[in-house]
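Computed from a predicted structure; not experimentally measured. Only this structure's heavy atoms are used, side chains among them; waters, hydrogens and symmetry mates stay out.
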Amino acid sequence: AQKNLEGRNYSIRKQVLEYDNVMNTQRQVIYAQRQKVLDGEELKENMLSMLRSVVESGITDALSESGGIVDETALAAVVSKFEGIYIPKGSLAGQEFSSAEELTEAVYDMAVDTYNRKEASCTSPVMRELERVVMLRVVDEYWMDNIDAMDDLKQGIGLRAYGQNDPVVEYKREGFEMFEQMIAAIQEETLRRLFTVRLRKDEEVKRERVAKVTSESSGGDGTVRKQPTRV
């Protein structure tokens, strides 16, 4: 009986450790990105890379029902998603595209032009700091939500054993999917805010953390916990 009990306790501890390893891997990715922002690194190349990813995925989704063919319905979906935010309204009107790749390049080039014009209007130093401010805020917001979601997943994942599924394997699989979705959402929301933000004249751009590591907001492992209010 003692042997069985010790074996069961060992299995429980092993499961908990594997759950923690999943969160630690995610935390390392997020905190590496946050540190770049806090260290004041330039992020424009990151932003342009994110922009291409968002444009590519958005056009892929828009063309999914047409089998990748750029027909009127697919083009209307692209217009609905990108015009007025990433590219000027009416910029795709009257144009024809022979492939998804050609459409992707056209939308991406227009979006980069919009981004550069926004930078020129507020100056490069302000735009660089604005990139850091927006990125830090969005990463912190979505990361705190992800912590809650992963905790909820861990609480209910044990039920998968009744379906002959390994809870740890299911936790890793679903946790990875949730993390990938969070990264995509962070990219899209960061760009959306950057493209739509309007600065008042002489307004100072301040870099602030939404999630602050304090004795109240962090666990023993350094995980930032959600706060009652956001700054």
Side-chain angles (χ1 to χ4, degrees), residues 30 33-34 36-37 40-143 145 179-207 210:
I30 291 297
Q33 183 62 59
R34 292 178 80 253
K36 285 184 180 181
V37 178
E41 292 188 19
E42 285 204 5
L43 300 176
K44 184 171 183 178
E45 290 304 314
N46 295 65
M47 295 300 147
L48 294 181
S49 176
M50 287 162 52
L51 181 58
R52 177 170 285 280
S53 178
V54 167
V55 170
E56 288 176 349
S57 62
I59 289 178
T60 298
D61 290 343
L63 273 58
S64 59
E65 294 188 6
S66 65
I69 299 173
V70 188
D71 56 18
E72 289 186 10
T73 302
L75 193 57
V78 172
V79 167
S80 175
K81 184 172 183 63
F82 293 104
E83 281 195 359
I85 298 179
Y86 299 100
I87 61 179
K89 290 184 177 180
S91 54
L92 292 175
Q95 296 196 50
E96 295 183 0
F97 301 94
S98 60
S99 66
E101 291 76 15
E102 185 181 351
L103 176 59
T104 298
E105 288 303 318
V107 172
Y108 175 72
D109 289 344
M110 292 177 191
V112 171
D113 182 62
T114 302
Y115 198 80
N116 288 336
R117 282 189 283 108
K118 189 177 190 69
E119 178 178 328
S121 69
C122 67
T123 74
S124 294
V126 172
M127 194 64 177
R128 297 291 82 77
E129 187 61 18
L130 190 59
E131 289 166 349
R132 299 183 193 104
V133 167
V134 173
M135 173 66 85
L136 183 61
R137 179 169 289 274
V138 173
V139 166
D140 280 356
E141 288 176 3
Y142 278 74
W143 174 240
D145 289 341
F179 188 71
E180 289 288 291
Q181 291 169 2
M182 180 193 70
I183 294 298
I186 285 174
Q187 291 182 347
E188 187 163 355
E189 181 62 14
T190 297
L191 290 169
R192 187 192 68 78
R193 294 189 191 186
L194 281 171
F195 273 86
T196 59
V197 68
R198 296 290 183 270
L199 292 177
R200 292 187 295 272
K201 188 176 181 181
D202 300 325
E203 180 179 359
E204 184 182 358
V205 180
K206 295 182 179 179
R207 196 186 324 159
V210 173

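Counted within 6.0 Å of NZ on Lys118, heavy atoms from surrounding residues, nucleotides or ligands total more than 12; the atom is thus considered enclosed.
Applying the side chain to side chain contact (heavy atoms under 4.5 Å, CB included) criterion to Ser99, with sequence neighbours excluded, gives Glu101, Glu102. Here Ser66 pairs with Leu63, Ile69, Asp71, Ala74 under the side chain to side chain contact (heavy atoms under 4.5 Å, CB included) rule; sequence neighbours left out. Residues passing the side-chain hydrogen bond (donor to acceptor under 3.5 Å, both in side chains) test with Arg192, sequence neighbours excluded: Glu189. For the ring-ring contact (aromatic ring centres under 6.0 Å, His included) test, residues two or more places apart in sequence or in another chain that qualify with Tyr115 are Phe195. Considering only residues two or more places apart in sequence or on other chains, Glu105 meets the side-chain hydrogen bond (donor to acceptor under 3.5 Å, both in side chains) condition with Arg52. For Tyr108, the ring-ring contact (aromatic ring centres under 6.0 Å, His included) criterion is met by no residue, not counting sequence neighbours.
One finds the CE atom of Met127 at 8.0 Å from the NZ atom of Lys44 (value rounded to the nearest 0.5 Å). A distance of 6.5 Å separates CG of Leu103 from CG of Leu92, quoted to the nearest 0.5 Å. Between the CG atom in Leu194 and the CE atom in Met135 there is a gap of 8.0 Å [rounded to 0.5 Å]. Taken to the nearest 0.5 Å, the CG atom of Asp61 stands 12.0 Å off from the CD atom of Glu56.
In this structure a side-chain-to-backbone donor-acceptor pair under 3.5 Å is present from Thr114 to Met110.
With salt bridges taken as basic N to acidic carboxylate O contacts below 4.0 Å, one links Glu119 and Arg128.
Looking at every heavy atom in both residues, Ile59 comes nearest to Thr104 through CD1-CA, 3.4 Å. Taking both residues in full, the closest heavy atoms of Ala185 and Tyr142 are given as CB-CE2, 3.5 Å, listed atom of the first, atom of the second, then distance.
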